[in-house]
Amino acid sequence: MSPEKLLQAEPSGQVRLVGFEIDPFLVMAAEFGERFTEYREAWARATAQTEIPEFPLSLDLEQNATCNLRCLMCPMGSKDYVNPMADTPVMDRGLYDQLIDEGAAHGLPAMTFGYLSEPLLRPDIADLTAYAREQGVMDIRLGTNGTLLSRQVARDLIQAGLTRLEISLDAATEATFNKLRRGGSYGRVVRNIDAFLEERARAGSTWPLLRLSFLRTGLNHLELDEFITLWRGKADFFSIQEMILYEDADIASDQTVNAGRRPEQFTCAQPWQRLIVRSNGDVYPCCSAYGTRLVLGNAQKESLHDLWHGPAMSDLRGRLAEGRYAEIPACRECAEQSVLRG
């Protein structure tokens with residue numbers, strides 16, 4: 001069998017994508033051509049912090065600030081969690097169209113459905129996907145826990161043109177899954193993945209590519225190799241993630257792998273890569289829950305382009321580029337609470 005190939009790694013050390021038989025980026029380049037290749041080259045420059053794109057290369061759009069699980073490692077899983085989006089838990093369709101339209105005007109190449117949410121709770125998610133595809137977005141990603149991925153939902157997403165379906169499992173056994181993904185059903189998610197693959201094959205489609213995710217904790221890290229072996233013949237690629245220990249999450253520090261040490265060298269490329277827009281329109285520079293302390297403005301009042309080039313983003317990028325992340329409380333805490341690989 002082919003060896004593991006590193007496809008992408010974030011400079012923070014918190015996420016790495018690995019593949020085996022195929023390179024998903026080459027598959028997408030074959031489909032979308034030179035524009036996709038240029039997008040990935042721009043992504044590499046943004047990751048290296050050598051270029052600020054004219055517009056974010058990706059938008060993370062939270063369509064609903066709700067979830068059907070209460071995962072141990074997520075702030076939303078805590079019994080004390082108070083949803084700050086309670087007044088606007090669902091993004092208005094008009095705001096969504098406005099964001100996609102602005103992105104399209106700037107050649108937006110990529111987007112993600114998700115943030116602190118389960119996107120499949122939104123019944124029109126396939127319609128939202130189709131609209132982004134019609135407006136020229138190439139790399140459309142959806143992050144889900146997989147519990148609501150029925151055959152009909154799978155068919156709808158395939159037909160709508162979703163590019164990447166990203167399912168978080170975090171376990172190779174039902175017992176470990178139950179500890180981490182409270183309220184979920186391991187057997188149901190496995191059946192849903194198999195059904196999705198059957199529907200994709202029946203449609204004769206390459207899309208969406210299937211990414212399975214594994215967030216390493218002290219409760220599951222010994223299952224990583226088993227997880228890869230179990231799913232290697234089905235997943236197109238994998239995301240191996242390192243925990244960020246959120247203060248509001250129920251997981252304890254002694255359930256992490258290498259808890260709570262601030263690395264001497266830490267940086268984050270997200271402010272060069274993307275913007276996050278929550279269901280009420282608030283805009284943030286990164287996808288960490290600590291990043292919610294860095295609100296840049298609101299997309300219902302200001303353009304994303306203006307916020308992207310605004311003073312708050314310029315100051316943030318400057319401090320990160322100079323290694324002064326500890327001057328930014330949210331960045332310092334994110335770094336200190338990162339559970340990095342030993």
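Considering T147, N145, D170 in turn, D170 is the only one that fulfils the side-chain hydrogen bond (donor to acceptor under 3.5 Å, both in side chains) rule with R181.
Within the 4.5 Å cutoff, the side chain of L99 has no heavy atoms near those of the M111 side chain. At a threshold of 4.5 Å between non-hydrogen side-chain atoms, the residues Q98 and Q300 do not count as touching. Side-chain contact between R182 and D250: present, with at least one pair of heavy atoms (C-beta onward) separated by less than 4.5 Å. F214 places none of its side-chain heavy atoms less than 4.5 Å from the side chain of F238. A 4.5 Å side-chain heavy-atom check between Q63 and S117 finds every atom pair outside the cut-off. Two residues are said to be in side-chain contact when any heavy atoms from C-beta on lie closer than 4.5 Å; M28 and W207 meet this criterion. In this structure, K79 and R70 have side chains that are not in contact, with every pair of non-hydrogen atoms separated by 4.5 Å or more.
No hydrogens or angles considered: nothing links the side chains of E31 and T206 as a donor-acceptor pair under 3.5 Å. Checking T173 against E223 by side-chain atom types alone, a donor-acceptor pair falls below 3.5 Å. Checking T47 against E10 by side-chain atom types alone, no donor-acceptor pair falls below 3.5 Å. If you check the side chains of S239 and Q241, you find a donor sitting under 3.5 Å from an acceptor.
The main-chain N or O of R16 is never found under 3.5 Å from a side-chain atom of E242 such that the two would form a donor-acceptor pair. Under the 3.5 Å distance criterion, the side-chain polar atoms of D60 are left unmatched by any main-chain donor or acceptor of G114. At distances below 3.5 Å, not a single donor-acceptor pair connects side-chain atoms of R274 with backbone N or O atoms of S58. Put simply, the side chain of T292 gets close to the backbone of A289: a donor and an acceptor are under 3.5 Å apart. The main-chain N or O of A65 is found under 3.5 Å from a side-chain atom of N83 such that the two form a donor-acceptor pair.
For Q8, the CD atom counts as densely surrounded, since its 6.0 Å shell holds more than 12 non-hydrogen atoms of other residues, nucleotides or ligands.
To the nearest 0.5 Å, atoms SG (C71) and NZ (K179) are separated by 15.0 Å. Atoms SG and CG, from C334 and L245 in turn, are 11.0 Å apart once rounded to the nearest 0.5 Å. In this structure, the separation between OH on Y186 and CZ on R191 is 11.5 Å, given to the nearest 0.5 Å. M138 CE to R40 CZ: the interatomic distance, rounded to the nearest 0.5 Å, is 9.5 Å. Between the CD1 atom of I328 and the CG atom of L316 there is a distance of 4.5 Å, given to the nearest 0.5 Å. To the nearest 0.5 angstrom, Y290 atom OH is 12.5 Å from C331 atom SG.
Applying the salt bridge (charged side-chain N to carboxylate O under 4.0 Å, His left out) criterion to R200, with sequence neighbours excluded, gives D236. Checked against salt bridge (charged side-chain N to carboxylate O under 4.0 Å, His left out), R317 has no partners two or more places apart in sequence or in another chain. With sequence neighbours excluded, no residue satisfies salt bridge (charged side-chain N to carboxylate O under 4.0 Å, His left out) with D101. For the side-chain hydrogen bond (donor to acceptor under 3.5 Å, both in side chains) test, residues two or more places apart in sequence or in another chain that qualify with D194 are K234. Among residues two or more places apart in sequence or in another chain, the side-chain hydrogen bond (donor to acceptor under 3.5 Å, both in side chains) test is passed with R324 by E322, E327.
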* **Check against side-chain contact (heavy atoms from CB on, under 4.5 Å), L120 and N68** => CA-CA 10 Å; L120 295 187; N68 57 331; over 6 Å; no
* Determine, stepwise, if the pair F20 / I228 fulfils side-chain contact (heavy atoms from CB on, under 4.5 Å). => CA-CA 10 Å; F20 294 90; I228 296 289; 3.6 Å; yes
* To do: Carefully, step by step, assess F177 and V189 under the rule side-chain contact (heavy atoms from CB on, under 4.5 Å).
  => CA-CA 10 Å; F177 179 94; V189 176; 4.2 Å; yes
* Given side-chain contact (heavy atoms from CB on, under 4.5 Å), test L215 with Q14 step by step and report yes or no. => CA-CA 10 Å; L215 177 70; Q14 293 163 344; over 6 Å; no
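Under the 4.0 Å criterion applied to side-chain N and carboxylate O atoms, R202 and E199 are assigned as salt-bridge partners. Between R93 and D127 there is no salt bridge, since no side-chain N of the basic residue sits under 4.0 Å from a carboxylate O of the acidic one.
Hydrophobic cluster of Y81: the remaining members, joined at side-chain heavy-atom separations below 4.5 Å, are M76, Y115, L116, I276, Y284, V295, listed by chain and number.
Taking the six-membered ring where tryptophan is involved, the planes of F36 and Y39 are perpendicular, since the angle between them exceeds 60° and thus also 30°. In this structure, H305 and H106 have parallel ring planes: the angle between them is below the 30° cut-off, well short of the 60° mark.
At least one test fails for R122 against the ring of F113: distance under 6.0 Å to the centre or angle within 45° of the axis.
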